[in-house]
Amino acid sequence: MKITGVTTYVLEELLKDKAFGWSQWVTDRRQTALCVISTDEGIEGVGEAFYIGGPAKIAAGMISDAYAPLIIGKDPFDNAVIWDFLYNRTRDQGRKGLPISALSAIDIALWDIKGKAKGLPIYKLLGGAYREKAHVYATGLYEPQHVPSVKDALVEEALGYKKDGFSAMKLKIGYGIETDMEYLKAVREAIGDDMVLMVDANHAYNAAEAIRLARKMEKYDVYWFEEPVPPEDIDGYIEVKQKSNILITGGECEFTRYGFRELITRRAVDILQPDLCGTGGFTEIMKIVAMASAWNVPVIPHVWGTNVGLAASLQLFAVLPHFPERRFPAKPFFEYDRSPHPFRNKVTHEKFIMKDGYLDIPDRPGLGITLDMDFVSKRTII
Ligand SMILES: [Mg+2]
């Protein structure tokens, strides 16, 4: 089989009155870059590039201008060879960020093709599923922009997740220790002690601030404290981890096996959170997972995108091993982004619906999804 074409789609929609804040800025739009790879056998694969702040059209440009010309004529089953080849071509000015997100989209599309060609879900090609469904936690509880009281709005949103059947949710923090504690107290008291509650600072603090906050948060039974310090500050992570009784997590801003090497080998986090659509796709993340398993650091992937990234992440979630293997292994949570996204669930014909706190992991070939091309074409801005 040979690759015959690569097409990119950049989708964007403004959030208007649903714009939401977090510790770094106010997100006023949702964007994504999708990539469709076609082959001479008529099989197509789709991938998504993770983006937070860099415009999605830059990732799409990397795909179409830097990578696509280099993979025409190659066999999708040579995905690992293709990965190293493409990485090396952008190594001098790439290595992290959007070039790797773009490479991730290509790699995910190649695995989609491989699965469809073999009639198997990707998790089968990766060695088989440890689980058939994903126990989810709600990612939300950002800072709404057009409400009389942020605290009241957070409480209402948190109660909504509880009512919907979630057993866990994640609160955004990083607005300053006093404000963080006010929001945390309000949410914890509203949802009760039975719900699992995580917090995420999106690297808003230095180590000293994060330690002070972690100690204050302990009484509210916070399950994990995500990205307390900037991703470059590995020593800060280690300091916070050593002085906090709350689990410390991070990794959504890290890339490739090279980037994760230090986080893993220096035991900088309690739980590693690579993003499949950002860190290099299936080919690369399985190398990160293998390294993490050797150091016995649990992996719980970061997930933030449309149904394409969600479907891909569910395939990955199926194959995550136990850390460690045992008679009664821990049941990892799957990140289920519930923050405003006008087209997350519209880009594919298949819909993902939570039932009793779980999402089913599709057992259809490849990613198990088909793009709704009518919708995708209409929303494409370039
Ligand atoms: Mg996060």
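Numbering of ligands and ligand atoms starts at 1, following listing order. Both backbone and side-chain heavy atoms feed into the values below; hydrogens, waters and symmetry mates do not.
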Exercise: do Gln31 and Glu12 side chains pair donor with acceptor under 3.5 Å | yes
Report the name of the N/O/S atom of Glu226 located nearest to the Mg ion (ligand 1).
-> OE2
When the aromatic ring centroids of Tyr130 and Tyr123 are compared, is their separation below 6.0 Å?
-> no
Distance-only polar pair, side chains of Thr283 and Asn79, donor-acceptor under 3.5 Å | yes
For the Mg ion (ligand 1), find the closest N/O/S atom on Asp200 and give its atom name.
-> OD2
For the Mg ion (ligand 1): the N/O/S atom of Glu252 at shortest distance | OE1
Taking Thr27 for the side chain and Arg29 for the main chain, is one N or O donor matched with an acceptor at less than 3.5 Å?
-> no
